[in-house]
Engineer: 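One structure, pasted below without further comment.
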Number of protein chains: 2
Amino acid sequence: MTNSTTPHTVPRASLKRLPLYLHLLENLMADGVEYVSCTQLAKEFDFDAILVRKDIELTGEVGTARIGFKVATLIGSIKSFLGWDKEQDAFLVGVGNLGKAILGYKDFKKYGLNIVAAFDNDSRKVGTKVFGYEIFSTSKFGDLAKRMHIYVGIITVPPEHAQEAVDLMVDAGIKAIWNFSPAPLRIPEGVILENVRLTQSLAVLTNKLKRVFKS
Amino acid sequence: MTNSTTPHTVPRASLKRLPLYLHLLENLMADGVEYVSCTQLAKEFDFDAILVRKDIELTGEVGTARIGFKVATLIGSIKSFLGWDKEQDAFLVGVGNLGKAILGYKDFKKYGLNIVAAFDNDSRKVGTKVFGYEIFSTSKFGDLAKRMHIYVGIITVPPEHAQEAVDLMVDAGIKAIWNFSPAPLRIPEGVILENVRLTQSLAVLTNKLKRVFKS
DNA sequence: AATTTATCGATATATAATTATCGATTATAC
DNA sequence: GTATAATCGATAATTATATATCGATAAATT
Ligand SMILES: NC(=O)c1ccc[n+]([C@@H]2O[C@H](COP(=O)([O-])OP(=O)(O)OC[C@H]3O[C@@H](n4cnc5c(N)ncnc54)[C@H](O)[C@@H]3O)[C@@H](O)[C@H]2O)c1
Ligand SMILES: NC(=O)c1ccc[n+]([C@@H]2O[C@H](COP(=O)([O-])OP(=O)(O)OC[C@H]3O[C@@H](n4cnc5c(N)ncnc54)[C@H](O)[C@@H]3O)[C@@H](O)[C@H]2O)c1
């Protein structure tokens with residue numbers, strides 16, 4: 001009776017809340033907390049408790065009335081649901097300011113993402129090392145990706161070169177692309193594209209701010 | 001009749017799509033394109049044309065049947081609606097990997113955000129320069145923010161220090177906080193908090209990828 | 001032991017967001 | 001000039017998402 005009610009379309013909004021819970025749960029775990037209720041979780045984020053329960057329901061985890069959910073197993077369920085239980089190896093293309101910051105960020109491993117190599121087409125960067133990662137020429141991307149069975153690609157090149165990076169990745173058999181450039185990209189059927197648009201977040205901020213100043 | 005139908009709550013999803021249109025519109029503008037229809041815009045992003053029209057409606061811009069919208073004025077309307085028509089000065093706290101990348105990113109200015117100074121509590125960093133920005137001690141934040149009438153703060157410190165940064169900003173009269181740390185933060189009534197959670201985006205990617213591998 | 005209270009799971013309702021429909025409008029083709 | 005096709009604005013229908021309700025359950029309280 002766990003997954004019989006699971007809808008075939010996972011709400012994107014739920015998918016985005018689950019990492020929030022996970023992060024908090026890991027803190028609770030570290031503090032030795034054994035059980036947590038939806039009410040408690042909800043309070044932390046100013047969500048509705050029922051919303052949290054519905055999100056958790058997606059993962060298949062079942063709780064106990066009056067007690068809530070076991071922190072340790074809930075962490076496992078969320079990770080498994082998100083695909084963070086086993087590490088995904090990834091290649092990064094574009095070792096500029098943002099690319100470097102991502103290479104230097106150790107926590108992605110916790111979230112199942114293991115960056116194994118980085119690529120750039122600037123000959124001055126090729127051969128150098130950044131946070132222990134050797135920078136390869138993009139010409140090596142295809143061979144290495146196939147040899148190492150890489151299915152995840154991260155794009156941190158300028159927008160005008162983002163489509164090139166996509167094409168490179170698609171040719172190399174990459175199945176999922178995490179794109180940080182603001183360019184609209186074309187991908188073939190079957191390849192997953194997830195965009196990080198900082199300006200979207202900025203838009204929400206400034207629009208709200210505008211209304212604060214008005215009133 | 002322009003804004004009489006405008007709802008008092010702006011859909012967050014719309015707010016996030018507007019920058020996408022804007023980016024494309026600016027490219028069109030640069031290419032000398034004078035008019036654009038919702039159909040064209042929609043095709044670029046694989047959105048429904050009606051969705052695009054509704055989003056544009058929010059900005060108050062009116063179009064002409066068969067022609068569409070004038071690119072130049074539409075850009076203006078979107079920018080104004082997002083609060084990107086006049087620059088907002090901002091302070092950044094936490095000049096680490098991500099903070100540096102943000103300081104080095106010139107395009108935020110296009111989106112109405114003008115970073116004017118950066119702060120860190122690492123004494124080795126204080127006094128140095130990063131991309132032309134002098135790094136100040138966080139102890140100077142309050143004075144400078146008040147003196148320079150700064151209302152926007154950017155947080156790029158480790159999660160365990162993010163609440164400190166919030167408190168610092170709130171005390172200094174900051175009205176809107178753009179937070180890049182994954183920590184859940186407490187803010188007083190009236191202050192705007194916008195979080196950038198890269199792991200949320202990663203969650204969507206890996207969950208989708210998991211299902212690709214399953215089938 | 002009985003009562004109270006918190007919380008679960010399931011189901012129902014309400015709200016928000018997206019997509020469809022339709023008459024009006026205007027350039028382009030004939 | 002008249003017909004055709006594209007697209008607008010407005011309204012309606014649909015779908016997705018969030019919130020409310022309710023009986024069941026299990027700890028805490030009396
Ligand atoms: N830095 C930020 O804070 C920030 C914020 C929002 C969005 N972005 C986006 O992220 C992307 C990277 O930004 P950045 O600030 O790191 O830029 P950057 O200019 O610092 O770095 C770009 C890197 O990509 C490399 N590159 C260019 N074309 C390439 C290609 N075809 N193949 C491989 N490598 C290539 C360059 O050599 C450079 O090292 C951009 O699309 C930018 O719009 C950055
Ligand atoms: N780097 C990434 O790609 C990335 C990705 C996702 C999230 N983040 C988040 O962004 C934040 C910054 O990440 P990072 O990789 O740049 O970390 P970092 O460790 O490189 O930089 C943190 C900086 O903050 C400074 N700092 C610490 N405490 C401070 C305080 N109380 N006041 C002022 N400055 C203080 C440190 O001296 C350091 O310079 C973190 O919360 C991280 O979780 C980073």
Side-chain angles (χ1 to χ4, degrees), chain A residues 1-18 20-21 25 28 33-71 73-74 77-78 200 203-204 207-208, chain B residues 1-18 20-21 25 28 33-71 73-74 77-78 200 203-204 207-208:
Chain A
M1 204 177 277
T2 47
N3 278 35
S4 62
T5 49
T6 307
H8 46 283
T9 54
V10 179
R12 198 189 154 84
S14 297
L15 228 34
K16 289 188 148 191
R17 282 187 299 265
L18 286 168
L20 300 178
Y21 308 151
L25 289 166
L28 292 176
V33 177
E34 273 199 88
Y35 290 90
V36 71
S37 72
C38 293
T39 319
Q40 288 170 266
L41 285 173
K43 211 184 296 175
E44 287 293 325
F45 302 105
D46 264 315
F47 291 162
D48 194 295
I50 304 150
L51 186 70
V52 177
R53 204 177 311 142
K54 285 223 142 202
D55 289 339
I56 291 175
E57 196 184 328
L58 289 171
T59 70
E61 186 71 5
V62 288
T64 322
R66 187 62 208 255
I67 305 176
F69 297 84
K70 193 161 192 189
V71 173
T73 60
L74 183 52
S77 298
I78 293 178
Q200 291 192 333
V204 177
N207 176 270
K208 282 186 192 162
Chain B
M1 206 176 276
T2 47
N3 279 33
S4 61
T5 50
T6 306
H8 46 285
T9 53
V10 179
R12 200 189 152 83
S14 297
L15 227 34
K16 289 189 147 191
R17 282 187 297 265
L18 286 168
L20 300 178
Y21 309 151
L25 289 166
L28 292 176
V33 177
E34 273 199 89
Y35 291 90
V36 71
S37 71
C38 293
T39 319
Q40 288 171 265
L41 285 173
K43 212 185 296 176
E44 286 293 325
F45 302 105
D46 264 315
F47 292 162
D48 194 295
I50 304 150
L51 185 70
V52 177
R53 204 177 310 143
K54 286 225 139 200
D55 289 340
I56 291 174
E57 195 185 328
L58 290 170
T59 71
E61 186 72 5
V62 288
T64 322
R66 188 63 208 257
I67 304 174
F69 297 84
K70 192 161 192 190
V71 174
T73 60
L74 183 52
S77 297
I78 292 177
Q200 291 191 335
V204 177
N207 176 270
K208 281 185 193 161

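A note on names: the letters A, B, ... follow the listed sequences, proteins ahead of strands, and every chain is numbered from 1. What's counted below: heavy atoms across the whole structure, side chains too, no hydrogens, waters or symmetry copies. Keep in mind that this is a model prediction, so the values were computed, not measured.
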Engineer: Can you tell which of Leu51(A), Leu41(A), Ile56(A) makes a side chain to side chain contact (heavy atoms under 4.5 Å, CB included) with Arg17(A)?
Structural biologist: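 Single side chain to side chain contact (heavy atoms under 4.5 Å, CB included) partner of Arg17(A) among Leu51(A), Leu41(A), Ile56(A): Leu51(A).
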
Engineer: Tell me whether Lys70(B) at atom NZ has more than 12 heavy atoms from other residues, nucleotides or ligands lying less than 6.0 Å away.
Structural biologist: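 Counting other residues, nucleotides and ligands, NZ of Lys70(B) stays at 12 neighbours or fewer.
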
Engineer: Do Gln200(B) and Arg12(A) have side chains that get closer than 4.5 Å, going by heavy atoms?
Structural biologist: no

Engineer: Assign a letter to each nucleotide of nucleotides 22-28 of chain C from its 5' end: B, base within under 4.0 Å of a protein heavy atom; S, sugar-phosphate only; -, no contact.
Structural biologist: ---BBB-

Engineer: Rounding to an integer number of Å, can you tell me how far Ile50(A) CD1 sits from dT15(C) C1'?
Structural biologist: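 That distance rounds to 14 Å.
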
Engineer: Looking only at heavy atoms, which two atoms of Asp48(A) and Ala42(A) are closest? And how far apart?
Structural biologist: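 Closest approach of Asp48(A) to Ala42(A), heavy atoms only: C-CB, 3.9 Å.
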
Engineer: If I take atom CG in residue Leu58(A) and atom P in nucleotide dT17(D), what distance separates them, rounded to the nearest angstrom?
Structural biologist: 10 Å

Engineer: Check the distance between dA10(C)'s C1' and Ile56(A)'s CD1 and give it to me in whole angstrom.
Structural biologist: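 Computing the Ile56(A):CD1 to dA10(C):C1' distance gives 16 Å.
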
Engineer: Rounded to whole Å, how long is the line connecting atom NZ of Lys54(B) with atom P of dT21(C)?
Structural biologist: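 That distance rounds to 15 Å.
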
Engineer: Nearest-Å distance, CG (Asp48(A)) to P (dT7(C))?
Structural biologist: 14 Å

Engineer: Compare every heavy atom of Phe69(A) with every heavy atom of Cys38(A), then report the nearest pair and how far apart it is.
Structural biologist: SG-CE1, 3.5 Å

Engineer: Is the backbone of Ser37(B) close enough, under 3.5 Å, to the side chain of Gln40(B) for a donor and an acceptor to pair up by distance?
Structural biologist: yes

Engineer: Among the nucleotides dT19(D), dT17(D), dA10(C), which one has an atom lying closest to any side-chain atom of Leu51(A)?
Structural biologist: dT19(D)

Engineer: Between Val36(B) and Ala13(A), which is nearer to the 5' end of DNA chain D once each is assigned its nearest nucleotide?
Structural biologist: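 The 5'-side residue here is Val36(B).
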
Engineer: Would you mind reading off the distance between Gln40(A) atom CD and dA6(C) atom C1', rounded to a whole angstrom?
Structural biologist: 11 Å

Engineer: On a heavy-atom basis, which atom in Leu20(A) and which in Phe45(A) lie closest, and how many Å separate them?
Structural biologist: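 So the two residues come closest at O-CZ, 3.3 Å.
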
Engineer: Could you tell me how far apart Tyr35(B) (OH) and dA6(D) (C1') are, to the nearest whole angstrom?
Structural biologist: 16 Å

Engineer: Whole-Å distance between dT19(C) P and Asp55(B) CG?
Structural biologist: 11 Å

Engineer: Using a heavy-atom cut-off of 4.0 Å across all strands, would you classify Phe69(B) as base, sugar-phosphate, or nothing?
Structural biologist: sugar-phosphate

